[in-house]
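In what follows, a single structure is set out as structure tokens and then discussed.
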Amino acid sequence: MPRTTLTSEQIVDAAVGLLDAEGLEGLNMRALGKQLNSAATAVYWHVGSKDNLITLAADRVWNELALPDLDTLDWRTAATRLTTDLHAMLVRHPWLVQAFGSLPLFGPGKARHDDHSLAIYEAAGFTGAQADQAAATVFTFVLGNALGTAATDALTRRLGRGGGDAEESMRESMAKAREIASRFPRLRARLGTAGADYGAAPDNSFQFGLQAILDGLEARLAAPRTAGS
């Protein structure tokens, strides 16, 4: 592909695919240029830097989110749909969770999500700072739930890059973790469950937690208001 036909959109699309497959550690301009049949310098010419490319890729995946229609849905249904969609997006792109800790990722795609999230909690009845608090509470819950997938994804790749068998290394590490857990009665009782895997949680933990948070927000709206609350 000659440089004259290479576009920023093509580069960002390829970067998202490479990030999904290889994580933040696997993204480099040379590998991306090879995938696009172009020189690394041509990639730099279009996007400026690796950090800027990650920012552009992040904004691309934020735009995957569908914004629930507040004219046809009650606030709680809208909050559940947007939050569930966000969680699914972060699980599809675990590198985005990692990137939050290393880059200031904010572009039109995330702004679009954040603005609609605030609209949902304003529709519920929260005003001012409380709408921000409600939106932030739900967002950090989603981010925390997606962290397990991101951690497992990053660890598996790191073990694989060590030159050995990633699956075998993970099995050995988990065997050591289970031996330690077996010394504690409540952890020992849960060793045979899905939640005992690295970065995992019991089935339906996300749905349980989300509904518990929304229950709390709804109760707060219904509670008598006092000064300073």
Side-chain angles (χ1 to χ4, degrees), residues 7-28 31-32 35-36 43 47 50-69 73 77-117 120 135-161 166-167 170 194-195 197-211 213-214:
T7 67
S8 296
E9 184 174 351
Q10 290 170 325
I11 293 170
V12 173
D13 283 343
V16 170
L18 190 58
L19 285 162
D20 287 346
E22 302 294 339
L24 286 179
E25 308 88 348
L27 178 67
N28 63 75
L32 193 58
Q35 185 172 321
L36 291 163
V43 177
V47 299
K50 179 179 174 180
D51 284 355
N52 191 52
L53 178 57
I54 294 170
T55 300
L56 292 170
D59 211 56
R60 173 68 55 81
V61 300
W62 274 104
N63 278 298
E64 293 176 5
L65 299 177
L67 302 183
D69 185 357
L73 298 172
T77 301
T80 299
R81 288 191 184 178
L82 182 62
T83 306
T84 301
D85 200 14
L86 172 60
H87 181 257
M89 184 271 281
L90 292 174
V91 169
R92 284 195 304 274
H93 307 293
W95 54 269
L96 183 56
V97 179
Q98 296 174 274
F100 271 117
S102 58
L103 290 170
L105 300 177
F106 191 83
K110 186 174 187 298
R112 168 181 169 271
H113 163 272
D114 292 354
D115 187 76
H116 200 71
S117 180
I120 289 172
T137 297
V138 175
F139 178 74
T140 53
F141 165 75
V142 180
L143 198 60
N145 268 266
L147 186 60
T149 300
T152 301
D153 188 67
L155 179 59
T156 301
R157 279 196 307 273
R158 189 182 71 79
L159 292 173
R161 289 191 182 106
E167 291 185 2
M170 180 65 87
D197 291 337
Y198 185 80
D203 291 343
N204 299 316
S205 290
F206 173 75
Q207 292 83 356
F208 175 89
L210 174 59
Q211 295 310 313
I213 290 173
L214 296 181

Closest heavy-atom contact between [X] and [Y]?
X	Y	value
L90	A146	CB-CB, 3.7 Å
L105	A99	CD1-CB, 3.5 Å
G109	N63	CA-ND2, 3.7 Å
A57	L19	CB-CD1, 3.8 Å
I213	T137	CG2-CG2, 4.1 Å
W95	V16	NE1-O, 4.3 Å

Next item on the list: Write out all pairs satisfying salt bridge (Lys or Arg N to Asp or Glu O under 4.0 Å) with one or both partners inside residues 54-66, taking only residues at least two apart or from two chains.
Entry: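 Passing the test, one end in residues 54-66: D13-R60, E64-R92.
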
Any heavy-atom pair between the side chains of [Y] and [X] that's under 4.5 Å?
X	Y	result
F206	V91	no
L27	E22	no
T77	P68	no
L96	M89	yes

Interatomic spacing from [atom1] in [X] to [atom2] in [Y] - rounded to 0.5 Å:
X	Y	atom1	atom2	value
T80	Q211	OG1	CD	4.5 Å
L210	L86	CG	CG	10.5 Å
L82	H116	CG	NE2	6.5 Å
T83	I120	OG1	CD1	7.0 Å
Q98	L147	CD	CG	9.5 Å

Notebook entry, point to check: So L53 and L32, side-chain contact (heavy atoms from CB on, under 4.5 Å) or not? Walk me through it.
Noted result: CA-CA 11 Å; L53 178 57; L32 193 58; 3.4 Å; yes

Next item on the list: Could you tell me whether F106 atom CZ has more than 12 heavy atoms of other residues or ligands within 6.0 Å of it?
Entry: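 Enclosed: over 12 neighbouring heavy atoms sit under 6.0 Å from CZ of F106.
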
Next item on the list: Determine yes or no for a side-chain-to-main-chain donor-acceptor pair under 3.5 angstrom, with D85 supplying the side chain and L65 the backbone.
Entry: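 Between the backbone of L65 and the side chain of D85 there is no qualifying donor-acceptor contact (under 3.5 Å).
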
Next item on the list: Please list all pairs passing the side-chain hydrogen bond (donor to acceptor under 3.5 Å, both in side chains) test where one or both residues lie in residues 99-114, with sequence neighbours left out.
Entry: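 Every side-chain hydrogen bond (donor to acceptor under 3.5 Å, both in side chains) pair that includes a residue of residues 99-114, provided the two are not neighbours, is K110-D114.
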
